[in-house]
Amino acid sequence: MKRAVEKALRDALSAIGADASGPIEIQIPKDETHGDLASPIAMGLAKELRKSPRAIAEDIAAHISERAADTFTRVEVAGPGFLNFTFSPDFLHKGALGILNKGKEHFSSDVGAGTRVQVEFVSANPTGPLHLGHGRGAALGCALSNLLEAAGYEVVREYYVNDAGRQVSLLGQSVFARYQELLGNSYPIPEDGYKGDYISDAAQSILDKEGDKHKGSSFEDASSFFIDTSLGLMLDVIKEDLADFGVSFDSWQSERALHDEGAVKHAIDFLAGKGLIYEEGGARWFRAEDFGDDKNRVVIKADGNHTYFASDIAYHLKKVESGFTEVIDIWGADHHGYVPRMEAVMDALGPGREHLKVLLVQMVSLLRGGEPVQMSKRSGNFVPLKEVMEEVGADTTKFIFLTRRHDSQLSFDLEVAKAESSENPVFYIQYANARISSIFRKASDVGVLTNNLENADLSPLTDNDELRLIRKLLSYRMTLEGAALAREPHRLTFYLQELAGLFHPFYKHHRVLTEDAGLTTARLALCEAVRVVIRHALGVLGISAPDRM
RNA sequence: GCGCCAGUAGCUCAGCUGGAUAGAGCAACGGCCUUCUAAGCCGUAGGUCAGAGGUUCGAAUCCUCUCUGGCGCGCCA
């Protein structure tokens, strides 16, 4: 749809002697009386051509009207110089059939052009179950990855496992303490150790498998066993949470492995070779200030241990060396202070900060009827994603996350989420799909043929409800591409609400299965096209599309 | 103190790479089920886009300041 207008505009621009090679802005007007698509292009050309915007627009409109009468029923100039395009029913009919003909292929676009992108998300410390904030990152990362893939990028979804350092050691020690407790020994839980039920569960599971083998051992003796085993159990917990949430990864990168394979040393040597590492106070520092950070940063501490930052440098060097053109990191907003130093790293490593995009996911506060939810003592100091999923469902939870920009704070009210569930926008969309499936079931019951719809004659579709629906379907690709380029999957949730908002009135006011065979076939084809788009978009968002509700 | 994100209808949020009269859902109010699913449809009402300046033909959108809320400023991870 957009392509047709763009092509017409480029032809017209070169005909009137304007530059036709630049980007052309095309938008969907808010007001239906302003046509199907509009362009403000003439306003921008006023200076260059030294003519009034309206005069330029008139020239363009005249040129296009003469040449593309079968595509547009109207090309008009409006307001200060907008060009408004209205498509012919014939063009719309052909477009709708195109969706049926090519299916998914119709939407897969070339804006990504095979660019290799890595999306790293969740990456929660493997020290306990995922909490609600991780869920937001998971929903975004999953949807964004799918979206980029649909737009023609080559995507790798990665989870970075922080399995080295103090936190996992603390985890092992916490589990060890519970294990000893189960055996009647008192062993102090480390001061900032982990205290949730899942720690006791892990201890019990070790006891079940290993018996009292480690009874009375000191933690020093048993540390590597307890750390590794606890780590494995926690990763299982996380993977289960992710599976329940319907989010999957292509790759799991272990921090420990980065050390073991020498990647950290390699990265520091690499920077040192560029003269970007120096020593001071017994520590080794990276010259982050040279790349716009507030201060230089320690990579090796005076005690000889590396910092977390050192692993991150190695990790990003590995990403760069793996040939990703773009690296997207999805982090919680509490890490935003970390962005300048990672951008500095990307500059220092060579490719430059423009190849790194950090998406900060703002905090989620959980409310119940307007009141902050008390942190459950059972789970530790956070709200587990699992509990929220059990209460309101994975689809609704994802949808709530995905109807907001990632950088706006979100209050997640359980009462609202549940109270809405009967009138929830996600059901509104799924219901449209279920209704269509129901029509097809009915059609097959009464013996109406539903095959070969991609060759149907759509000319009986002349009602405004029908044409509006088709226009919306044809704008899907444009929406998808725009969302992908902006890295904003939430645009699809709004698109879907609008599409469903056109389908339901159509359904209410027009019977699909009628006495008129030609009309019936045409409407079935329209319904099928709607279903194809809804399923595709829900698929991108990682939300289910049930056939019955 | 410095920095990042935000402030749009009663509530939750879109709209922000400047464009036409500021949108949706929920909540409120009034209607609609003998025909493919009423988780639906039709209608009414609801706004000083936090505030003040500035840039522009045009500002919710860009710039400056102020106010409010959240978060961050370790040889922690």
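Just so it is clear: chains get the letters A, B, ... in the order the sequence lines come, proteins before strands, and each one is counted from 1.
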Nucleotide paired to B/rU48 in any strand shown, Watson-Crick or G-U, under 3.5 Å: none

Shortest side-chain distance from A/R166, nucleotide among B/rC41, B/rC36, B/rA77: B/rA77

Touch class at under 4.0 angstrom, heavy-atom based, for A/D407 against every strand present: sugar-phosphate

Any-strand Watson-Crick or G-U partner of B/rG74, both distances under 3.5 Å: none

Sugar-phosphate only, base, or nothing, as touched by A/A302 at under 4.0 Å among non-hydrogen atoms: base

Under 3.5 Å donor-acceptor pair, A/H336 side-chain atoms to B/rG3 base atoms: yes

ring centroid sep under 5.5 Å plus plane angle under 30, A/F82 with B/rA20: yes

Audit row: A/Y476, A/E481, side chain to side chain donor-acceptor pair (under 3.5 Å) steps and yes/no: CA-CA 9 Å; A/Y476 176 57; A/E481 290 178 351; over 6 Å; no

Sugar-phosphate, base or nothing in reach of A/N84, heavy atoms under 4.0 Å: base

Aromatic contact, A/H406 with A/H490 (centres under 6.0 Å): no

Nearest-neighbour nucleotide for the A/R511 side chain, B/rC41, B/rC36, B/rG15 considered: B/rC36

Atom-pair distance (CD on A/E515; P on B/rU35), nearest Å: 16 Å

A/P40 or A/G281, whichever maps to the more 5' nucleotide of RNA chain B: A/P40

For atom CD of A/Q27 and atom P of B/rA20, their distance in whole Å: 8 Å

Sugar-phosphate only, base, or nothing, as touched by A/S411 at under 4.0 Å among non-hydrogen atoms: sugar-phosphate

A/V298 side chain, from C-beta outward: closest of B/rA39, B/rC13, B/rC75: B/rC75

Residue closer to the 5' end of RNA chain B, A/V168 versus A/P29 (nearest nucleotide): A/P29

Heavy-atom donor-acceptor pair, A/D312 side-chain to B/rA77 base, under 3.5 Å: no

A/D334, nearest nucleotide to its side chain (from B/rC16, B/rC71, B/rA39): B/rC71

B/rG69 base / A/Q409 side chain donor-acceptor hit below 3.5 Å: yes

